[in-house]
Amino acid sequence: MRLLQDAAVTGPERRTSLARLTDQWLAGLFERAAARSGVSGAALVAVGGYGRGELSPRSDLDLLLLHDGKASPQEVAALADHLWYPLWDLGLDLDHSVRTLTEARRTARDDLKAQLGLLDARHLAGSPDLTTALRTASFADWREAAPKRLPELHALCLDRADRQGELQYLLEPDLKEARGGLRDVTALRAVAASWLADAPRAGLEDARGCLLDVRDALHLVTGRATDRLALQEQDQVAAALGLLDADTLLRQVYESARTISYAGDVTWREVGRVLRARSVRPSLRGLMSGRSGRAAAKGERSPLAEGVVEHDGEAVLARTARPERDAVLPLRAAAAAAQAGLSLSPHAVRRLATAPAAGAHTVPVWEALEAEGIITRLLPDWERVRCRPQRNAVHRWTVDRHLVETAVRASALTRRVHRPDLLLMAALLHDIGKGWPGDHSVSGETIARDVAARLGFDAKDTDVIATLVRHHLLLIDTATRRDLDDPATVGSVAQVVRSAGTLELLHALTEADALATGPAAWSRWREGLVADLVRRVGGLLAGEPDATTPTPWEPTAEQERLAVEAWRTGEPVLALHTRAEPPMEAPEPPPSGTAPRSAGGNAPTRTPGATGRPDPVEHPESAGPQDSAGPQEPVGVELLIAVPDRPGILPATAGVLAVHRLTVRAADLRVMPLPEELSGTVDQERGGGADPRSEAGPRSATGAGSAAARRPLLLLSWRVAAEYGSLPQAVRLRADLVRALDGTLDIPARLAERERAYARRSRRLQAPPPRVTVAPGGSRSATVIEVRAQDAQGLLYRIGRALEDAGVAVRSAHVSTLGANAVDAFYVTDRDGSPLPPDTATEVAQAVERALK
């Protein structure tokens, strides 16, 4: 215990000391047990991680009781009992076995994991000759069986990577099981022990030591034998290791994992090459190729590019290549390898690294160049984003890998644009500014200008690349958070892009960026909104007179039916319908920590003020096969509500849905036109007067409504799903909505009770305070209030209530989510339908912000 509490003893020294103390204790325990049981021909052997002489604070003990088979089974069982029971009594985790040498070898032949454990066998006590015989036999057996067992070991590694993911990109990585973790280092040691191949040694031991140090600190912080570095423990682990913060910790972990992964890639390729060479005799290879045995032995070389050839399944440098005289050779070799679907040979990468300074196959080639420092030499700013974590559950990659993935996605879109080179360069650089403080788009623009100029782009092309990097979020942000029917929205985008060519490139970059982010970042809803925005902006740039004219909306027969009933009764009318949309991509699990927003909080919700646009459905969890003609995936239930306009409808509806634990995935609010079959009735009631909608003022969910007997009708369309359990009945929802509107349902009290129960069950993490601002120039006909806040129960209800109390009318709302952050925009007017004066708008924003604190 003193050793674990001694801050001066850390890392390898502590692990070695802990193993040594454990060795001494177990040796004494074995001697006493052997004397009591009368067994002389036995040895206690450490295997696995303990066999390597290293113990983390909470590691289990892997022990093998080896005996010569001369003692009786009863005597051996007594020896084992005297050994294992004291360990169990102390609560130690124990992985144990009792075998003869023959039994141990037979078990290893049948169990690959057991065979790997024996490669680290280490003598602790008893007969050293038995341990020596075991080690000798184990290594001999392994080397003899390696041609068959190494492919099996590789398959295990690949299967584990599929299940656990890549350590270098996970927000909560498993330090042992994920790809690039400690388990992979053990596999590389086994490959080296086979004598068939060996891993690159540069940095490998340091990377392994880093992961072990982090696991030690994790054990001490949590008091558990865990290998998963959970978010809530990262700050404590960083502090225990003397690091600045959790991001610094993750970056070190990611760099170590990347080193191990790269070593694994190189090693397994070499294993494959060796096994292929061993499977066919040289003379037979010569006959098959129609060449002499000597020529075949040298291997055939096929040209790929200037100075680059294919040899034995890898891209290598030609014999005449001179990296020291050809500054562009690294890029040419990387491009040739990626386009051919090959890996750059380690020897070629090392040659390129010592010289001064395309599709999915780009990623391993890029990682090979990066492992040797070539990327940082060509792009110095890459060092700031290399292995940089992104603490946003929407993002599945680190910053650097996301940039490469975006370029890969963009390469599939090059036939859609007139300048593929500008698209790919912008894709590779669009987030390069995340290595600097402040707005990464602003920093990135400066870096992009410098890089483009150094790479030889002229001034015009450099401006385009810089514009794409500076405004790479413009289309997705505008499409999901602004009213596309507002001419100011389309005009503001057109003013930024200035040309149809830049708009075309920005459209492709937006799609590539979203697809490379993760499954929650792109959907048919977002795709349709962006395409609609691009169409309108393109029309404006082309001088089309009706480019910003709203598309007329026509209600469905179901909506007409609800409107008629609500108009006749003067009360809310509800209907539930199952909805579906074609999926976007192949299924993959959503990133850890993501969740759709509840009706009162965090939902990817779209509430446009007008339609004619694609069905606003946001449900990345339902992703299915990429064929859009395949089966449609359900995205929950559509809740249609037709209700005469009156104050408080938006907060009342959001509150009722939150009370019923309904998750909102999308929403739409509009004013229904007067049904034709009722127009005559209304005219008679009004004495043939004007359309009642003219007396209602702005179309509003929170407006004062008409003073006339027949108020304008609002249609609210919500895409909802139950947080758990089944959906509530429409009758109950309608009854509670009526109660909420007449004030007999105390929504704040119900939500407060829910919040107290939630707080008792979970630990709340510190989040930045909410920020509510007025978007300058957001609209000519309304004031745009932007809300950025942490996801919370009842969030949308509190926002609606605050706007209602401020006496403004909500014309439309655009609600979206990025990870745990709500980013919402509300178009509001005064009661006369005009934008708010600047001072009033600021006061409203401040009131909403106070309501969210």
Side-chain angles (χ1 to χ4, degrees), residues 10-11 56 161 164-185 203-204 206-222 224 226-264 363 367 370-371 375-376 381-405 431-437 440 516-518 590-594 765-768 818-821:
T10 59
S56 292
Q164 299 291 339
E166 298 189 65
L167 196 157
Q168 59 183 314
Y169 304 123
L170 296 172
L171 278 177
E172 295 185 311
D174 189 306
L175 301 172
K176 185 176 183 179
E177 300 293 338
R179 181 175 182 265
L182 295 170
R183 189 77 79 182
D184 279 345
V185 180
L204 186 59
D206 289 341
R208 173 176 168 271
C210 173
L211 295 187
L212 287 171
D213 289 348
V214 174
R215 185 172 70 168
D216 289 356
L218 181 61
H219 284 191
L220 291 175
V221 164
T222 62
R224 305 190 313 272
T226 179
D227 297 313
R228 185 168 297 279
L229 188 58
L231 285 172
Q232 62 266 26
E233 275 116 29
Q234 290 174 7
D235 284 315
Q236 294 172 276
V237 171
L241 293 171
L243 300 177
L244 179 63
D245 54 24
D247 279 358
T248 305
L249 167 69
L250 280 183
R251 191 167 188 182
Q252 288 190 5
V253 169
Y254 291 164
E255 288 175 343
S256 300
R258 187 164 297 186
T259 298
I260 295 169
S261 294
Y262 175 65
V363 174
E367 290 180 343
E370 192 175 36
I375 299 300
T376 301
D381 287 283
W382 196 263
E383 179 62 28
R384 285 182 171 267
V385 298
R386 186 172 61 84
C387 294
R388 189 175 209 50
Q390 304 202 73
R391 291 189 172 275
N392 187 322
V394 173
H395 276 277
R396 65 183 302 178
W397 306 114
T398 52
V399 177
D400 55 340
R401 177 63 184 271
H402 170 70
L403 292 175
V404 177
E405 289 287 338
D431 275 350
I432 195 72
K434 286 188 175 179
W436 294 86
H440 75 281
T517 296
S592 173
T594 61
L765 300 178
Q766 185 66 30
L818 298 174
N821 299 300

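- The minimum heavy-atom distance linking Arg388 with Gly435 is given by the pair NE-CA, 3.8 Å.
- In plain terms, the two heavy atoms of Ser261 and Gly180 that are nearest each other are OG-CA, 3.3 Å.
- Contact between Ala240 and Ala217 at its shortest, heavy atoms only, is CB-CB, 4.1 Å.
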Requested in this report: Apply the test side chain to side chain contact (heavy atoms under 4.5 Å, CB included) to residues Ile260 and Leu167: give CA-CA distance (whole Å), side-chain angles for both, the deciding distance (0.1 Å), then the verdict.
Outcome: CA-CA 10 Å; Ile260 295 169; Leu167 196 157; over 6 Å; no
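- Qualifying side chain to side chain contact (heavy atoms under 4.5 Å, CB included) partners for Thr226, counting only residues two or more places apart in sequence or in other chains: Leu218, Thr222, Arg224, Arg228.
- Side chain of Glu172 to backbone of Leu231: a donor-acceptor contact under 3.5 angstrom is found.
- To the nearest 0.5 Å, atom OG of residue Ser56 and atom CZ of residue Arg215 are 4.0 Å apart.
- Under 4.0 Å is where a charged nitrogen must lie from a carboxylate oxygen, and between Asp184 and Arg179 no such pair does.
- Without hydrogens or angle criteria, Glu255 side chain to Cys387 main chain gives no donor-acceptor distance under 3.5 Å.
- Looking at Asp245, its side chain does come within 3.5 Å of a backbone N or O of Thr248 through a donor-acceptor pair.
- Nearest heavy atom pair, residue Arg208 against residue Leu182, reads O-CD2, 4.0 Å.
- When the ring pair (Phe, Tyr, Trp, His ring centres under 6.0 Å) test is applied to His219, no partner is found at least two apart in sequence or on another chain.
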Report task. Output, in order, the C-alpha distance, side-chain angles, deciding distance and verdict of side chain to side chain contact (heavy atoms under 4.5 Å, CB included) for Leu250 and Gln234. Result -> CA-CA 8 Å; Leu250 280 183; Gln234 290 174 7; 3.6 Å; yes
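- Salt-bridge check for Glu383 with Arg386: passed, with a basic side-chain N closer than 4.0 Å to an acidic carboxylate O.
- One distance of note links CD of Gln252 with CG of Asp247; it measures 12.0 Å at 0.5 Å rounding.
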Query raised in the report: Given the rule in the side chain to side chain contact (heavy atoms under 4.5 Å, CB included) test, do Gln390 and Thr398 qualify, once you have shown the distances and angles that lead to the verdict?
Result: CA-CA 6 Å; Gln390 304 202 73; Thr398 52; 5.7 Å; no
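- Salt-bridge annotation for Asp381 and Arg384: absent, with no side-chain N of the basic residue lying under 4.0 Å from a carboxylate O of the acidic one.
- Within the 4.5 Å cutoff, the side chain of Leu403 has heavy atoms near those of the Trp382 side chain.
- With a 4.5 Å cut-off on side-chain heavy atoms, His402 and Asp431 count as touching.
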Query raised in the report: What's the verdict on side chain to side chain contact (heavy atoms under 4.5 Å, CB included) for Leu244 and Leu249, showing C-alpha distance, side-chain angles and the deciding distance?
Result: CA-CA 8 Å; Leu244 179 63; Leu249 167 69; over 6 Å; no
**Report entry** side chain to side chain donor-acceptor pair (under 3.5 Å) assessment of Gln164 paired with Lys176
**Finding:** CA-CA 10 Å; Gln164 299 291 339; Lys176 185 176 183 179; over 6 Å; no
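- The two residues Trp397 and Ala516 come nearest to each other via the heavy atoms CD1-O, 3.2 Å.
- In summary, Asp400 and Arg258 engage in a salt bridge, as defined by a charged side-chain N under 4.0 Å from a carboxylate O.
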